There are 2 protein chains.
Amino acid sequence: MTTRWLTPEEQRAWHAYLAASTLLEDALDRQLQQEAGMPHLYYAVLAVLSDAPDRRMRMTDLAEHAKITRSRLTYVVTRLEKDGAIRRENCQWDKRGSIAALTDEGLALLERLAPGHVEAVRKSVFDHLTPEQVGQFEEICSAIAAAIEGEEAQRNAPDDLPWRRRSCSSGQ
Amino acid sequence: MTTRWLTPEEQRAWHAYLAASTLLEDALDRQLQQEAGMPHLYYAVLAVLSDAPDRRMRMTDLAEHAKITRSRLTYVVTRLEKDGAIRRENCQWDKRGSIAALTDEGLALLERLAPGHVEAVRKSVFDHLTPEQVGQFEEICSAIAAAIEGEEAQRNAPDDLPWRRRSCSSGQ
DNA sequence: AGTTATTGCTTAAAACTTGAACCAAGCCCT
DNA sequence: AGGGCTTGGTTCAAGTTTTAAGCAATAACT
(Lines give C-alpha, C1' and ligand atoms only; values in the text may rest on other atoms or scores of the structure.)
Protein backbone atom coordinates (compact mmCIF):
# COMPACT_ATOMS: atom_id res chain seq x y z
CA MET A 1 0.00 0.00 0.00
CA THR A 2 1.23 3.44 -0.85
CA THR A 3 1.96 5.72 2.09
CA ARG A 4 -0.73 8.01 3.36
CA TRP A 5 1.27 11.14 4.06
CA LEU A 6 0.16 13.74 6.55
CA THR A 7 -2.14 16.45 5.31
CA PRO A 8 -0.93 20.03 5.65
CA GLU A 9 -3.15 20.47 8.71
CA GLU A 10 -1.78 17.33 10.27
CA GLN A 11 1.76 18.42 9.54
CA ARG A 12 1.20 21.73 11.21
CA ALA A 13 -0.30 20.04 14.23
CA TRP A 14 2.55 17.57 14.38
CA HIS A 15 5.23 20.24 14.20
CA ALA A 16 3.49 22.22 16.88
CA TYR A 17 3.22 19.18 19.08
CA LEU A 18 6.88 18.28 18.65
CA ALA A 19 7.94 21.78 19.55
CA ALA A 20 5.58 22.03 22.50
CA SER A 21 6.44 18.68 24.01
CA THR A 22 10.19 19.10 23.86
CA LEU A 23 10.06 22.66 25.11
CA LEU A 24 7.71 21.69 27.89
CA GLU A 25 9.77 18.76 29.04
CA ASP A 26 12.84 20.95 29.08
CA ALA A 27 11.12 23.72 30.97
CA LEU A 28 9.81 21.39 33.67
CA ASP A 29 13.13 19.63 33.98
CA ARG A 30 14.95 22.87 34.34
CA GLN A 31 12.60 24.20 36.96
CA LEU A 32 12.78 21.11 39.12
CA GLN A 33 16.48 20.69 38.56
CA GLN A 34 17.04 24.15 39.94
CA GLU A 35 14.57 23.78 42.76
CA ALA A 36 15.48 20.29 43.87
CA GLY A 37 18.24 18.89 41.71
CA MET A 38 15.96 16.29 40.19
CA PRO A 39 14.40 15.91 36.76
CA HIS A 40 10.69 16.09 36.23
CA LEU A 41 10.28 12.35 35.99
CA TYR A 42 11.53 11.88 39.53
CA TYR A 43 9.02 14.34 40.83
CA ALA A 44 6.31 12.56 38.88
CA VAL A 45 7.21 9.25 40.47
CA LEU A 46 7.02 10.77 43.92
CA ALA A 47 3.70 12.31 43.03
CA VAL A 48 2.24 9.02 41.85
CA LEU A 49 3.41 7.37 45.02
CA SER A 50 1.89 10.04 47.21
CA ASP A 51 -1.52 9.30 45.76
CA ALA A 52 -1.30 5.57 46.34
CA PRO A 53 -3.10 4.02 49.29
CA ASP A 54 -0.72 3.98 52.22
CA ARG A 55 1.75 5.84 50.00
CA ARG A 56 3.39 2.65 48.81
CA MET A 57 3.29 0.62 45.62
CA ARG A 58 4.77 -2.45 43.98
CA MET A 59 7.52 -1.59 41.54
CA THR A 60 5.71 -2.91 38.51
CA ASP A 61 2.52 -1.05 39.35
CA LEU A 62 4.45 2.12 39.86
CA ALA A 63 6.22 1.69 36.55
CA GLU A 64 2.92 1.17 34.77
CA HIS A 65 1.33 4.21 36.34
CA ALA A 66 4.33 6.35 35.49
CA LYS A 67 4.47 4.86 31.98
CA ILE A 68 8.13 3.95 32.23
CA THR A 69 10.08 0.71 32.03
CA ARG A 70 10.82 -1.31 35.11
CA SER A 71 14.53 -0.93 34.69
CA ARG A 72 14.25 2.80 34.46
CA LEU A 73 12.18 2.79 37.60
CA THR A 74 14.77 0.70 39.40
CA TYR A 75 17.30 3.40 38.72
CA VAL A 76 14.99 6.20 39.76
CA VAL A 77 14.01 4.52 42.99
CA THR A 78 17.60 3.73 43.85
CA ARG A 79 18.44 7.36 43.48
CA LEU A 80 15.45 8.60 45.44
CA GLU A 81 16.22 6.06 48.13
CA LYS A 82 19.69 7.54 48.48
CA ASP A 83 18.03 10.94 48.83
CA GLY A 84 15.85 9.53 51.59
CA ALA A 85 12.60 10.24 49.78
CA ILE A 86 11.70 6.60 49.24
CA ARG A 87 12.27 3.42 51.21
CA ARG A 88 12.19 -0.07 49.73
CA GLU A 89 10.22 -2.72 51.55
CA ASN A 90 9.78 -6.41 50.97
CA CYS A 91 6.50 -7.77 49.80
CA GLN A 92 5.00 -10.32 52.16
CA TRP A 93 2.79 -12.29 49.79
CA ASP A 94 5.25 -12.45 46.96
CA LYS A 95 8.83 -12.83 48.02
CA ARG A 96 10.12 -11.67 44.65
CA GLY A 97 8.36 -8.39 45.04
CA SER A 98 9.69 -5.07 46.10
CA ILE A 99 7.64 -2.18 47.39
CA ALA A 100 8.50 1.48 47.07
CA ALA A 101 7.25 3.52 50.02
CA LEU A 102 7.26 7.29 50.22
CA THR A 103 8.97 8.38 53.42
CA ASP A 104 7.84 11.31 55.53
CA GLU A 105 10.86 13.11 54.27
CA GLY A 106 9.83 12.34 50.70
CA LEU A 107 6.35 13.65 51.33
CA ALA A 108 7.76 16.80 52.85
CA LEU A 109 9.99 17.26 49.82
CA LEU A 110 7.06 16.80 47.50
CA GLU A 111 5.00 19.33 49.39
CA ARG A 112 7.83 21.79 49.32
CA LEU A 113 8.23 21.35 45.57
CA ALA A 114 4.58 21.25 44.56
CA PRO A 115 3.80 24.98 44.48
CA GLY A 116 6.72 25.84 42.25
CA HIS A 117 5.99 22.95 39.96
CA VAL A 118 2.32 23.77 39.62
CA GLU A 119 3.23 27.34 38.97
CA ALA A 120 5.54 26.25 36.16
CA VAL A 121 2.83 24.08 34.64
CA ARG A 122 0.41 26.98 34.80
CA LYS A 123 2.81 29.44 33.28
CA SER A 124 3.66 27.09 30.45
CA VAL A 125 0.28 25.58 29.79
CA PHE A 126 -2.94 26.36 31.51
CA ASP A 127 -2.60 30.09 31.75
CA HIS A 128 -2.76 30.12 27.97
CA LEU A 129 -5.71 27.82 27.37
CA THR A 130 -9.40 28.56 27.53
CA PRO A 131 -11.58 26.20 29.57
CA GLU A 132 -12.84 24.67 26.32
CA GLN A 133 -9.31 24.05 25.21
CA VAL A 134 -8.51 22.32 28.47
CA GLY A 135 -11.33 19.91 27.74
CA GLN A 136 -10.24 19.41 24.16
CA PHE A 137 -6.68 18.87 25.28
CA GLU A 138 -7.75 16.17 27.66
CA GLU A 139 -9.81 14.39 25.03
CA ILE A 140 -7.06 14.48 22.47
CA CYS A 141 -4.37 13.29 24.83
CA SER A 142 -6.57 10.56 26.21
CA ALA A 143 -7.26 9.34 22.71
CA ILE A 144 -3.58 9.22 21.90
CA ALA A 145 -2.65 7.47 25.11
CA ALA A 146 -5.42 4.94 24.63
CA ALA A 147 -4.36 4.28 21.05
CA ILE A 148 -0.77 3.59 21.99
CA GLU A 149 -1.65 1.43 24.95
CA GLY A 150 -3.96 -0.49 22.68
CA GLU A 151 -1.23 -1.11 20.14
CA GLU A 152 1.10 -2.26 22.85
CA ALA A 153 -1.42 -4.67 24.21
CA GLN A 154 -1.62 -6.15 20.74
CA ARG A 155 2.13 -6.27 20.33
CA ASN A 156 2.49 -8.19 23.56
CA ALA A 157 -0.25 -10.66 22.89
CA PRO A 158 0.54 -12.08 19.45
CA ASP A 159 2.14 -15.36 20.44
CA ASP A 160 1.21 -16.48 23.85
CA LEU A 161 -2.41 -17.13 23.18
CA PRO A 162 -2.87 -20.88 23.57
CA TRP A 163 -5.99 -20.89 21.46
CA ARG A 164 -5.59 -19.49 18.03
CA ARG A 165 -2.40 -21.25 17.03
CA ARG A 166 -3.42 -24.71 18.01
CA SER A 167 -6.80 -24.98 16.48
CA CYS A 168 -8.18 -23.08 13.53
CA SER A 169 -5.29 -23.68 11.21
CA SER A 170 -6.23 -27.28 10.50
CA GLY A 171 -8.32 -26.28 7.55
CA GLN A 172 -5.54 -24.39 5.82
CA MET B 1 0.72 34.54 47.20
CA THR B 2 -1.03 31.29 47.91
CA THR B 3 -0.70 28.62 45.24
CA ARG B 4 -3.33 28.37 42.56
CA TRP B 5 -3.67 24.60 42.29
CA LEU B 6 -4.96 22.91 39.18
CA THR B 7 -8.68 22.48 38.84
CA PRO B 8 -9.98 18.94 38.48
CA GLU B 9 -10.37 19.47 34.74
CA GLU B 10 -6.85 20.76 34.46
CA GLN B 11 -5.54 17.86 36.47
CA ARG B 12 -7.25 15.38 34.20
CA ALA B 13 -5.86 17.12 31.15
CA TRP B 14 -2.39 17.20 32.67
CA HIS B 15 -2.41 13.52 33.54
CA ALA B 16 -3.61 12.65 30.08
CA TYR B 17 -0.92 14.78 28.54
CA LEU B 18 1.83 13.26 30.64
CA ALA B 19 0.72 9.78 29.72
CA ALA B 20 0.31 10.56 26.04
CA SER B 21 3.62 12.35 25.63
CA THR B 22 5.72 9.71 27.33
CA LEU B 23 3.97 6.87 25.56
CA LEU B 24 4.26 8.62 22.24
CA GLU B 25 7.90 9.40 22.61
CA ASP B 26 8.56 5.79 23.53
CA ALA B 27 6.54 4.44 20.64
CA LEU B 28 8.31 6.59 18.08
CA ASP B 29 11.70 5.82 19.53
CA ARG B 30 11.02 2.13 19.48
CA GLN B 31 9.79 2.17 15.92
CA LEU B 32 12.78 4.05 14.59
CA GLN B 33 15.19 2.18 16.76
CA GLN B 34 14.01 -1.06 15.21
CA GLU B 35 13.87 0.29 11.71
CA ALA B 36 17.11 2.22 11.68
CA GLY B 37 18.86 1.93 15.02
CA MET B 38 18.32 5.58 15.80
CA PRO B 39 16.09 7.41 18.24
CA HIS B 40 13.32 9.68 17.07
CA LEU B 41 15.29 12.83 17.72
CA TYR B 42 17.94 11.83 15.20
CA TYR B 43 15.33 11.30 12.56
CA ALA B 44 13.83 14.66 13.41
CA VAL B 45 17.17 16.37 12.92
CA LEU B 46 17.60 14.76 9.53
CA ALA B 47 14.08 15.81 8.62
CA VAL B 48 14.68 19.43 9.56
CA LEU B 49 17.86 19.43 7.54
CA SER B 50 16.15 17.98 4.50
CA ASP B 51 13.75 20.92 4.46
CA ALA B 52 16.47 23.52 4.63
CA PRO B 53 17.54 25.34 1.49
CA ASP B 54 20.39 23.42 -0.08
CA ARG B 55 19.89 20.82 2.67
CA ARG B 56 22.44 22.44 4.96
CA MET B 57 22.24 24.57 8.06
CA ARG B 58 24.39 26.30 10.64
CA MET B 59 24.59 24.33 13.86
CA THR B 60 22.92 26.95 15.99
CA ASP B 61 20.05 27.37 13.55
CA LEU B 62 19.58 23.65 13.41
CA ALA B 63 19.56 23.44 17.19
CA GLU B 64 16.97 26.17 17.41
CA HIS B 65 14.71 24.57 14.84
CA ALA B 66 14.95 21.20 16.53
CA LYS B 67 14.44 22.82 19.97
CA ILE B 68 17.50 21.21 21.47
CA THR B 69 20.70 22.52 23.04
CA ARG B 70 23.78 23.09 20.97
CA SER B 71 25.76 20.59 22.93
CA ARG B 72 23.14 17.93 22.37
CA LEU B 73 23.18 18.70 18.70
CA THR B 74 26.95 18.42 18.56
CA TYR B 75 26.63 14.89 19.82
CA VAL B 76 23.82 14.01 17.43
CA VAL B 77 25.64 15.37 14.41
CA THR B 78 28.84 13.59 15.35
CA ARG B 79 26.95 10.33 15.43
CA LEU B 80 25.09 10.94 12.21
CA GLU B 81 28.35 11.95 10.58
CA LYS B 82 29.81 8.60 11.55
CA ASP B 83 26.79 6.99 9.96
CA GLY B 84 27.45 8.96 6.80
CA ALA B 85 24.10 10.73 6.87
CA ILE B 86 25.56 14.17 7.55
CA ARG B 87 28.77 15.92 6.57
CA ARG B 88 30.26 18.88 8.42
CA GLU B 89 31.41 21.83 6.38
CA ASN B 90 33.16 25.05 7.26
CA CYS B 91 31.34 28.30 7.06
CA GLN B 92 32.99 30.76 4.72
CA TRP B 93 31.73 34.05 6.10
CA ASP B 94 32.21 33.13 9.72
CA LYS B 95 35.24 31.05 10.42
CA ARG B 96 33.94 29.96 13.79
CA GLY B 97 30.92 28.45 12.16
CA SER B 98 30.17 24.87 11.33
CA ILE B 99 27.59 23.72 8.83
CA ALA B 100 25.72 20.43 8.90
CA ALA B 101 24.92 19.16 5.42
CA LEU B 102 22.65 16.25 4.64
CA THR B 103 24.49 13.80 2.38
CA ASP B 104 22.84 11.91 -0.46
CA GLU B 105 23.14 8.86 1.68
CA GLY B 106 21.39 10.69 4.49
CA LEU B 107 18.59 11.76 2.22
CA ALA B 108 18.17 8.22 0.97
CA LEU B 109 18.03 6.98 4.55
CA LEU B 110 15.41 9.55 5.40
CA GLU B 111 13.30 8.57 2.42
CA ARG B 112 13.55 4.93 3.32
CA LEU B 113 12.46 5.65 6.88
CA ALA B 114 9.72 8.16 6.20
CA PRO B 115 6.86 5.84 5.32
CA GLY B 116 7.25 3.72 8.42
CA HIS B 117 7.58 6.76 10.60
CA VAL B 118 4.54 8.49 9.17
CA GLU B 119 2.62 5.30 9.57
CA ALA B 120 3.58 5.15 13.23
CA VAL B 121 2.52 8.74 13.76
CA ARG B 122 -0.79 8.02 12.08
CA LYS B 123 -1.44 4.89 14.09
CA SER B 124 -0.63 6.62 17.35
CA VAL B 125 -2.17 9.99 16.72
CA PHE B 126 -4.02 11.13 13.66
CA ASP B 127 -6.03 8.02 12.99
CA HIS B 128 -7.80 8.71 16.25
CA LEU B 129 -8.53 12.40 15.89
CA THR B 130 -11.32 14.11 14.02
CA PRO B 131 -10.38 16.93 11.67
CA GLU B 132 -11.65 19.41 14.24
CA GLN B 133 -9.46 17.87 16.86
CA VAL B 134 -6.44 18.17 14.60
CA GLY B 135 -7.08 21.88 14.42
CA GLN B 136 -7.61 22.16 18.15
CA PHE B 137 -4.47 20.20 18.80
CA GLU B 138 -2.44 22.53 16.66
CA GLU B 139 -3.81 25.59 18.38
CA ILE B 140 -3.20 24.23 21.83
CA CYS B 141 0.33 23.08 21.09
CA SER B 142 1.20 26.32 19.38
CA ALA B 143 -0.03 28.25 22.37
CA ILE B 144 2.09 26.17 24.70
CA ALA B 145 5.19 26.42 22.55
CA ALA B 146 4.76 30.15 22.19
CA ALA B 147 4.31 30.57 25.92
CA ILE B 148 7.48 28.72 26.75
CA GLU B 149 9.55 30.44 24.11
CA GLY B 150 8.22 33.71 25.41
CA GLU B 151 9.30 32.90 28.95
CA GLU B 152 12.70 31.89 27.74
CA ALA B 153 13.14 35.09 25.82
CA GLN B 154 12.39 36.90 29.05
CA ARG B 155 14.74 34.77 31.07
CA ASN B 156 17.55 35.53 28.67
CA ALA B 157 16.89 39.21 28.44
CA PRO B 158 16.61 40.29 32.05
CA ASP B 159 19.76 42.36 32.33
CA ASP B 160 21.05 43.40 29.02
CA LEU B 161 18.27 45.75 28.07
CA PRO B 162 19.82 49.19 28.19
CA TRP B 163 16.45 50.92 28.08
CA ARG B 164 13.91 49.93 30.69
CA ARG B 165 16.15 50.00 33.71
CA ARG B 166 17.49 53.42 33.09
CA SER B 167 14.40 55.46 32.47
CA CYS B 168 10.78 54.81 33.47
CA SER B 169 11.43 54.14 37.13
CA SER B 170 11.98 57.73 37.99
CA GLY B 171 8.29 58.31 38.62
CA GLN B 172 7.89 55.49 41.11
C1' DA C 1 7.42 -34.15 43.08
C1' DG C 2 9.89 -32.40 38.89
C1' DT C 3 10.32 -30.01 35.10
C1' DT C 4 9.29 -26.06 32.36
C1' DA C 5 7.37 -21.40 31.70
C1' DT C 6 6.41 -16.90 33.60
C1' DT C 7 6.79 -13.05 36.59
C1' DG C 8 9.22 -9.37 39.39
C1' DC C 9 12.90 -7.06 39.73
C1' DT C 10 17.95 -5.94 39.21
C1' DT C 11 22.37 -5.52 36.84
C1' DA C 12 25.78 -4.28 33.42
C1' DA C 13 27.45 -2.09 29.21
C1' DA C 14 26.62 1.03 25.79
C1' DA C 15 24.25 5.00 24.24
C1' DC C 16 22.53 9.38 25.19
C1' DT C 17 21.83 14.00 27.78
C1' DT C 18 23.10 17.82 30.65
C1' DG C 19 25.64 21.81 32.31
C1' DA C 20 29.58 23.91 33.00
C1' DA C 21 33.88 24.94 31.25
C1' DC C 22 36.52 26.03 27.32
C1' DC C 23 38.58 28.00 22.92
C1' DA C 24 38.71 30.45 18.89
C1' DA C 25 36.73 34.03 16.01
C1' DG C 26 34.11 38.13 15.50
C1' DC C 27 32.57 42.60 17.53
C1' DC C 28 32.94 47.06 19.74
C1' DC C 29 35.05 50.59 21.71
C1' DT C 30 38.73 53.91 22.30
C1' DA D 1 46.15 48.32 17.23
C1' DG D 2 44.63 46.76 21.87
C1' DG D 3 41.47 45.62 25.50
C1' DG D 4 37.10 43.45 26.77
C1' DC D 5 32.68 41.41 25.58
C1' DT D 6 29.79 38.37 22.87
C1' DT D 7 29.03 34.37 19.75
C1' DG D 8 29.54 29.69 17.63
C1' DG D 9 30.82 25.48 18.67
C1' DT D 10 33.00 21.66 21.12
C1' DT D 11 34.56 19.01 25.13
C1' DC D 12 34.42 16.74 29.48
C1' DA D 13 32.44 14.64 33.65
C1' DA D 14 28.48 13.32 35.85
C1' DG D 15 23.95 11.75 35.42
C1' DT D 16 20.31 9.31 33.01
C1' DT D 17 18.24 5.87 29.77
C1' DT D 18 18.06 1.71 27.08
C1' DT D 19 18.67 -3.16 25.94
C1' DA D 20 19.70 -7.36 26.85
C1' DA D 21 20.89 -10.63 30.25
C1' DG D 22 20.48 -12.35 34.59
C1' DC D 23 18.52 -14.35 38.99
C1' DA D 24 15.16 -15.81 42.13
C1' DA D 25 10.46 -16.89 43.22
C1' DT D 26 6.02 -18.39 41.56
C1' DA D 27 2.83 -20.62 38.59
C1' DA D 28 1.61 -24.33 35.44
C1' DC D 29 1.90 -28.71 33.60
C1' DT D 30 2.51 -33.70 33.71
Side-chain angles (χ1 to χ4, degrees), chain A residues 22-23 25-34 36-45 57-83 86 88-100 156-157 159-162 166, chain B residues 22 25-34 36-45 56-83 86 88-100 155-157 159-162:
Chain A
T22 54
L23 287 170
E25 184 66 20
D26 279 9
L28 296 182
D29 272 350
R30 203 169 32 234
Q31 196 265 326
L32 280 162
Q33 198 73 38
Q34 282 205 339
M38 66 172 60
H40 174 227
L41 172 67
Y42 291 54
Y43 175 92
V45 166
M57 237 189 262
R58 288 286 295 264
M59 291 294 278
T60 297
D61 289 350
L62 186 48
E64 257 165 38
H65 276 261
K67 315 291 181 196
I68 62 177
T69 61
R70 294 198 299 288
S71 103
R72 192 177 180 182
L73 180 62
T74 295
Y75 182 91
V76 171
V77 167
T78 304
R79 204 267 223 187
L80 290 173
E81 196 171 22
K82 271 178 201 145
D83 295 354
I86 284 185
R88 265 186 238 254
E89 296 173 355
N90 294 352
C91 182
Q92 297 302 327
W93 327 292
D94 186 342
K95 284 176 190 166
R96 296 168 293 184
S98 187
I99 290 179
N156 297 337
D159 265 5
D160 48 290
L161 297 177
R166 271 193 243 159
Chain B
T22 55
E25 183 65 21
D26 279 8
L28 297 181
D29 272 350
R30 202 167 34 234
Q31 195 266 326
L32 280 163
Q33 198 72 36
Q34 281 205 339
M38 66 173 60
H40 174 228
L41 171 67
Y42 291 55
Y43 175 93
V45 166
R56 65 196 65 222
M57 235 188 260
R58 289 287 296 264
M59 292 295 277
T60 297
D61 289 350
L62 187 47
E64 256 165 39
H65 276 259
K67 316 290 180 196
I68 62 179
T69 61
R70 294 199 300 288
S71 105
R72 192 177 179 181
L73 179 62
T74 294
Y75 182 91
V76 171
V77 167
T78 304
R79 205 266 221 185
L80 289 173
E81 196 171 22
K82 271 179 200 143
D83 294 354
I86 284 185
R88 266 186 237 253
E89 296 172 354
N90 294 353
C91 182
Q92 297 303 326
W93 327 292
D94 187 341
K95 285 177 189 165
R96 295 168 294 184
S98 187
I99 290 178
R155 272 216 338 280
N156 297 336
D159 266 3
D160 49 290
L161 297 177

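Fair warning: this is a prediction, and the values are worked out from it, not measured in the lab. Chain letters run A, B, ... following the sequence lines, proteins first and then strands; every chain starts at 1. Side chains are part of it too, since the values below use all heavy atoms of this structure and drop only hydrogens, waters and symmetry mates.
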Going by the rule salt bridge (charged side-chain N to carboxylate O under 4.0 Å, His left out), which residues pair with Arg58(A) if we only count those two or more places apart in sequence or in a different chain? Asp94(A)
Let me know the distance between CG of Leu73(B) and C1' of dT18(C), rounded to the nearest Å. 14 Å
Those residues at least two apart in sequence (or on a different chain) that pass side chain to side chain contact (heavy atoms under 4.5 Å, CB included) with Gln33(A) are Pro39(A)
Base, sugar-phosphate or nothing for Ser98(A)? Non-hydrogen atoms, less than 4.0 Å. sugar-phosphate
Can you check each nucleotide of nucleotides 14-20 of chain D against protein heavy atoms at under 4.0 Å and return B for base, S for sugar-phosphate only, - for none, in 5' to 3' order? -SBBBB-
Gap separating the NE2 atom of His40(A) from the CG atom of Leu32(A), nearest 0.5 angstrom: 6.5 Å
Please give me every residue in residues 58-66 of chain B whose heavy atoms get under 4.0 Å of an atom in DNA chain D, ordered by residue number. Arg58(B), Met59(B), Thr60(B)
Ignoring hydrogens and angles, write down the donor-acceptor pairs under 3.5 Å from the side chains of residues 71-83 of chain A, residues two or more places apart or on other chains.
residue  : atom : partner  : partner atom : Å
Thr74(A) : OG1  : Arg70(A) : O            : 3.1
Thr78(A) : OG1  : Thr74(A) : O            : 2.6
Thr78(A) : OG1  : Arg88(A) : NH2          : 2.7
Arg79(A) : NH1  : Asp83(A) : OD2          : 2.6
Arg79(A) : NH2  : Gly37(A) : O            : 2.7
Glu81(A) : OE1  : Arg88(A) : NE           : 3.1
Glu81(A) : OE2  : Arg88(A) : N            : 3.2

The reported gap from CD in Glu25(A) to OG1 in Thr22(B) (rounded to nearest 0.5 angstrom) is 9.0 Å
Applying ring-ring contact (aromatic ring centres under 6.0 Å, His included), name anything that partners Tyr42(B), two or more places apart in sequence or on another chain. none
Within this structure, what is the CG-to-C1' distance between Leu32(B) and dA15(C), rounded to whole angstrom? 16 Å
Distance below 4.0 Å between Arg70(B) side-chain N/O and dT18(C) OP1 or OP2: no
Nearest whole angstrom, please: distance from the P of dT18(C) to the CG of Leu28(A). 13 Å
For a quick test of reading the model, state the closest non-hydrogen atom pair linking Ser98(B) to Cys91(B) and the distance between them. N-CB, 4.5 Å
Write down the protein N/O and nucleotide N/O pairs, taken from nucleotides 21-29 of chain C, whose separation is under 3.5 Å; answer none if there are no such pairs.
residue : atom : partner  : partner atom : Å
dG26(C) : OP1  : Lys95(B) : N            : 2.9

In whole Å, I'd like the distance from the NE2 atom of His40(B) to the P atom of dT17(C). 12 Å
Does the side-chain contact (heavy atoms from CB on, under 4.5 Å) test come out yes or no for Leu62(B) and Val45(B), once each step is laid out? CA-CA 8 Å; Leu62(B) 187 47; Val45(B) 166; 4.2 Å; yes
Could you work out, with side-chain hydrogen bond (donor to acceptor under 3.5 Å, both in side chains) as the rule, every residue matching Glu64(A), not counting sequence neighbours? none
With sequence neighbours left out, the residues meeting side-chain hydrogen bond (donor to acceptor under 3.5 Å, both in side chains) with Gln31(A) are Glu35(A)
Give the rounded distance in Å between these two atoms: CD1 of Ile99(A) and P of dC9(C). 9 Å
Under 4.0 Å: is that the gap between some side-chain N or O of Arg88(B) and OP1 or OP2 of dT10(D)? yes
Tell me the interatomic distance from Asn90(A), atom CG, to dC9(C), atom P, rounded to whole angstroms. 11 Å
So how far is it from Met57(B) CE to His65(B) NE2, rounded to the nearest 0.5 Å? 5.5 Å
